[in-house]
Amino acid sequence: MVVTMNFPQGGERNGERQPRLWPGVAAVVLQWLLQLGMPVVWPDGFVYGLMGGFLCAAVVLVWWVFFSRTPLAERVGAVVLIAGAMAITPRIVDKSMATGMMGKMWIIYTVPVMCLALVAWAAATRGVSAGRRGVALAGAVLAGCGLLALLRTDGITGEGRSLLAWRWAKTSEERFLARLAPVAARAEGRAPESVRAPAVREADTTAPVKSVRETPSKVEWPGFRGPHRDDTVTGMRIRTDWAAAPPVRLWRREVGPGWSSFAVGDGRVYTQEQRGESEVVACYDAKKGEPVWAHPDEARFWESNGGAGPRGTPALHDGRVYTLGATGIVNALEASDGRVVWMRDAAADTGAKVPGWGFSGSPLVVDGAVLVAAGGQLIAYDLATGSPRWKIATGGGGYSSPQLATLDGVRQVLLLSGSGATSVGPEDGKVLWTYAWEGAPILQPAVTEDGGVLINTSDMSGGSGTRRLAVAHGPEGWTAKEVWTSRGLKPYFNDIVVHKGHAYGFDGGILACIDLQDGRRKWKGGRFGHGQLLLLRDQDLLLVVSEEGELGLVAADPGQYTEIARAPGIEGKTWNHPVLVGGILYVRNGEEMAAFRLARAGS
């Protein structure tokens with residue numbers, strides 16, 4: 001006697017070949033585990049999970065076409081139907097999904113949804129008539145597309161994880177504007193309406209030019225990353241026993257989106273934010289967080305990954321505020337009341353196109369000029385009149401800011417761009433030296449204590465590493481040569497600090513320390529996401545703000561990673577650089593800003 005056993009995954013039943021489902025089911029389960037589960041277990045593994053997910057999609061396709069045991073018409077029909085759905089999807093999803101991740105976000109989410117729809121349909125409709133199976137397949141595919149059409153993204157994290165929301169839900173900016181409009185209307189005694197920006201203008205050259213303020217200003221934090229653009233605080237020691245003396249929040253205030261940090265002086269903080277169709281330079285009282293004045297320009301920059309708003313940080317100098325907006329508007333404003341001194345358009349003045357992430361550099365004031373980086377161009381404007389003094393093309397794009405440095409006894413301005421590093425004289429823009437390293441630089445170059453130069457670049461997967469250059473001036477001119485390149489510290493858009501022969505920063509979403517003599521990693525530890533940090537030099541201490549807004553203290557000690565304390569800060573994706581002035585820590589992101597008092601050591 002021969003006993004024939006029929007299994008549901010293969011063989012025949014009632015004389016019909018049954019589909020072989022287990023390879024497809026296994027591939028889809030693995031695909032979803034890789035794309036959704038891997039970033040949870042390994043935050044820096046998003047790209048690898050994505051690559052694994054697409055490999056599983058290829059396995060699903062091969063299984064379906066060659067090994068599924070389904071009728072040929074069904075195999076071909078399903079492929080054609082899914083291909084058609086893929087072609088329609090970018091036209092029906094939200095703009096944020098269609099353009100996110102360099103236009104690939106909709107693909108990243110559509111592919112696993114289509115794979116799941118195919119396998120689920122094949123499993124659920126076994127034994128159903130061909131006609132009903134066809135209708136069910138069309139329904140499953142359309143349901144998948146419909147689900148994606150209901151979503152939007154509010155940007156991505158540093159690891160590439162999308163912040164999904166329902167398409168109809170109000171954004172944080174819309175909620176902020178709804179609460180802001182009635183307040184502004186009551187304050188000005190009018191009905192709420194959109195603000196209008198003044199026309200771009202040059203300074204009145206017939207009026208006397210004030211080169212020095214009658215009342216000297218007290219500039220405590222002049223702009224991006226502090227007095228030397230190195231995120232270093234000196235002359236201050238704080239208590240580190242946060243369990244007994246935690247940071248005390250002095251105030252909190254909603255703000256419009258933007259990745260600007262702060263300039264601080266004369267009891268005020270200056271930043272940039274987006275408010276609807278207006279790009280705003282805003283001034284707030286440093287002690288209470290209350291608004292003092294706001295200067296709007298009719299400009300709006302938005303891209304899916306980073307969201308809306310200006311990226312650059314104001315520069316505060318001699319009673320004036322200098323800013324660069326994300327579309328290229330350069331402002332010189334009176335710090336006291338926001339009155340316009342002059343305005344320029346860096347995009348028009350240089351011929352540069354607005355890059356994908358917007359103009360992200362912060363102005364640098366040096367030698368009577370304000371220097372602005374604009375899409376591979378560096379331009380200097382006269383501080384008093386706004387007239388262009390000089391401009392140069394550095395080659396390629398980039399999101400770094402000009403950096404003043406002294407190398408081999410010579411003051412110079414360094415700029416990282418898509419082609420590498422460029423050094424120019426601040427007075428005339430004459431190129432002193434260049435170093436080629438192609439990529440997409442975001443960070444600032446750093447100067448070591450012994451005169452070396454650290455540069456970084458990035459690619460689609462994040463940071464590419466840190467390279468040390470030896471820069472020298474000899475009889476035949478300037479030279480810049482590689483000393484070492486380290487993969488032990490691969491910051492993406494999170495700047496590094498230099499301290500006692502070592503560099504500290506983010507290697508992906510984890511803090512790391514490398515030796516500046518050879519680039520070797522000393523340690524790696526502590527997950528703070530893609531946050532930012534400050535160095536309290538006198539205390540050998542790192543003050544860290546995590547990507548989620550949490551505050552932390554870590555020892556700036558190359559011997560080992562030592563986390564000292566953590567405390568709540570602000571909420572939401574926090575990419576903005578923190579500022580520490582007079583024992584007050586100022587932090588912000590694209591939704592809110594806050595000030596915290598840090599207890600002084602010995603208090």
Review point. Taking the side chain from S278 and the backbone from V280, do they hold a donor-acceptor pair closer than 3.5 Å?
Key: no

Review point. So do L414 and P402 actually touch side chain to side chain, heavy atoms under 4.5 Å?
Key: no

Practice item. Would you mind reporting whether D540 and D557 have side-chain heavy atoms less than 4.5 Å apart? Key: no

**Study point:** Heavy-atom side-chain contact between L541 and L553 under 4.5 Å
**Key:** yes

Point to revise | Check: Y48 ring centroid to W42 ring centroid under 6.0 Å | key: yes

Review point. Is the Y492 ring parallel, tilted or perpendicular to the H530 ring (thresholds 30°, 60°)?
Key: perpendicular

Check your understanding: Can you check side chain to side chain donor-acceptor pair (under 3.5 Å) on S486 and R521, steps first, answer last?
Key -> CA-CA 8 Å; S486 173; R521 181 187 290 160; over 6 Å; no

Check your understanding: Do any pairs count as a salt bridge (charged side-chain N to carboxylate O under 4.0 Å, His left out) and have a residue in residues 428-452, sequence neighbours left out, and if so which ones?
Key -> D450-R468

Check your understanding: Could K573 and W575 be counted as a cation-pi pair, given that NZ or CZ must be under 6.0 Å from the ring centre and within 45° of the axis?
Key -> yes

Practice item. To the nearest 0.5 angstrom, please state how far the CD atom of E482 sits from the CH2 atom of W484. Key: 9.5 Å

Point to revise | Geometric cation-pi criterion, R311 with F301: 6.0 Å, 45° | key: no

Practice item. Go through K95 and W302 one step at a time and tell me if the side-chain contact (heavy atoms from CB on, under 4.5 Å) criterion holds. Key: CA-CA 11 Å; K95 181 181 179 181; W302 175 91; 3.7 Å; yes

Review point. Does a salt bridge link R389 with D382, judged by any charged N lying under 4.0 Å from a carboxylate O?
Key: yes

Point to revise | P578 vs L585 side-chain heavy atoms within contact, under 4.5 Å | key: yes

**Study point:** Value rounded to 0.5 Å, distance of CD in E591 from OG1 in T574
**Key:** 8.5 Å

Exercise for review: List the steps and the verdict of side-chain contact (heavy atoms from CB on, under 4.5 Å) for E303 and W357.
Suggested key: CA-CA 7 Å; E303 55 81 29; W357 290 76; 3.4 Å; yes

Study note, to complete from the structure: Distance col, row E279:CD vs T327:OG1, nearest 0.5 angstrom, shows 5.0 Å

**Study point:** Check: Y561 and E563 side chains under 4.5 Å, non-hydrogen atoms
**Key:** yes

Review point. Quick one: salt bridge (charged side-chain N to carboxylate O under 4.0 Å, His left out) pairs with a partner in residues 404-413, sequence neighbours left out?
Key: D367-R411

Check your understanding: Checking side-chain contact (heavy atoms from CB on, under 4.5 Å) for the pair Q444/F224: CA distance, chi angles, key distance, verdict?
Key -> CA-CA 10 Å; Q444 293 301 102; F224 186 51; 3.8 Å; yes

Exercise for review: Report the C-alpha distance between V447 and L454 in whole Å, list the side-chain angles of each, state the deciding distance to 0.1 Å, and finish with yes or no for side-chain contact (heavy atoms from CB on, under 4.5 Å).
Suggested key: CA-CA 6 Å; V447 179; L454 303 180; over 6 Å; no

Point to revise | Point-to-point distance, once rounded to the nearest 0.5 Å, from OG1 of T385 to CZ of R344 | key: 8.5 Å

**Study point:** Contact check, side chains of D231 and Y504, non-hydrogen atoms, under 4.5 Å
**Key:** no

**Study point:** Partners meeting side-chain hydrogen bond (donor to acceptor under 3.5 Å, both in side chains) with S423 (sequence neighbours left out)
**Key:** Q412, W433

Review point. Would you call L55 and L34 a side-chain contact if the rule is heavy atoms closer than 4.5 Å?
Key: no

Check your understanding: Do NZ/NE/NH1/NH2 and the carboxylate oxygens of D507 and K524 come within less than 4.0 Å?
Key -> yes

Exercise for review: Report the distance from atom CZ of R487 to atom CD1 of I514, rounding to the nearest 0.5 Å.
Suggested key: 12.0 Å

Point to revise | Side-chain (S400) to main-chain (G398) donor-acceptor, under 3.5 angstrom | key: no

Exercise for review: Look at the aromatic rings of W342 and Y322 and report parallel, tilted or perpendicular, splitting at 30° and 60°.
Suggested key: tilted

**Study point:** Criterion side chain to side chain donor-acceptor pair (under 3.5 Å) on N456 and T466, from CA distance to verdict
**Key:** CA-CA 5 Å; N456 310 84; T466 299; 2.8 Å; yes

Review point. Can T157 and E159 be said to form a side chain to side chain donor-acceptor pair (under 3.5 Å), step by step?
Key: CA-CA 5 Å; T157 66; E159 293 89 12; 3.2 Å; yes

Review point. Going through the distances and angles, do S162 and T153 end up as a side chain to side chain donor-acceptor pair (under 3.5 Å)?
Key: CA-CA 6 Å; S162 184; T153 176; 2.7 Å; yes

Practice item. Would you please classify the geometry between the H473 ring and the W478 ring as parallel, tilted or perpendicular, with 30° and 60° separating the classes? Key: parallel

Review point. Do the side chains of L407 and V453 get nearer than 4.5 Å, heavy atoms only?
Key: yes

